[in-house]
Amino acid sequence: MSALDWQKSSYSEEASSCVYVAAAPDGTVRIRESDDPEVVVTTTPEKLRAFILGVKAGEFDHFADPGTDPGTDPGTDPGTDPGPGTASGA
């Protein structure tokens, strides 16, 4: 495998707990964490885009703030899995 150009968010600054993303030569996107860099998740640009849209829409805020009730947003249904590559409202 060729070396990948891993990129992390500028919001991570110099923190040791970062998520890195890289474009692979085969057209997929690779994701890894700094604390376990040997574990790499492979996805497609389309699935990553759907996930990013969900993050921007606040659909995953309850993971970052455990005190938040995921059922309070009328745009989300925590009991429903929309399937891969889909985002609420997309």
Side-chain angles (χ1 to χ4, degrees):
M1 178 195 296
S2 63
L4 298 175
D5 184 20
W6 293 99
Q7 177 182 346
K8 70 175 182 171
S9 168
S10 61
Y11 289 95
S12 296
E13 298 176 358
E14 295 302 318
S16 61
S17 299
C18 305
V19 174
Y20 289 84
V21 180
D26 63 1
T28 61
V29 177
R30 310 289 170 87
I31 304 168
R32 73 177 187 188
E33 292 187 52
S34 59
D35 59 349
D36 198 358
E38 298 303 315
V39 177
V40 178
V41 174
T42 301
T43 191
T44 64
E46 296 80 16
K47 290 178 183 178
L48 180 61
R49 181 177 189 277
F51 178 73
I52 290 171
L53 289 172
V55 169
K56 288 181 177 183
E59 294 177 16
F60 304 101
D61 287 356
H62 62 282
F63 290 108
D65 183 7
T68 304
D69 179 6
T72 59
D73 182 352
T76 63
D77 180 358
T80 305
D81 179 5
T86 60
S88 178

Query raised in the report: Just how far is it from atom OG1 of Thr42 to atom NZ of Lys47, taken to the nearest 0.5 Å?
Result: 10.5 Å
Query raised in the report: About how many Å separate CG of Leu4 and OH of Tyr20, when rounded to the nearest 0.5 Å?
Result: 13.5 Å
Quick check: closest heavy atoms across [X] and [Y], and the distance to 0.1 Å?
X	Y	answer
Glu59	His62	O-CE1, 3.3 Å
Val29	Thr44	CG2-C, 4.3 Å
Ile31	Val21	CG1-CG2, 4.4 Å
Pro37	Arg32	O-CD, 3.8 Å
Ser12	Cys18	CB-SG, 3.6 Å

Query raised in the report: Would a 4.5 Å heavy-atom cut-off, applied to side chains only, mark Trp6 and Val40 as touching?
Result: yes
Query raised in the report: Side-chain heavy atoms under 4.5 angstrom apart, residues restricted to Ile, Leu, Val, Met, Phe, Trp, Tyr: same cluster for Val19 and Ile52?
Result: yes
Query raised in the report: If you draw a 6.0 Å radius around CG in Asp5, do more than 12 non-hydrogen atoms from other residues or ligands fall strictly inside?
Result: no
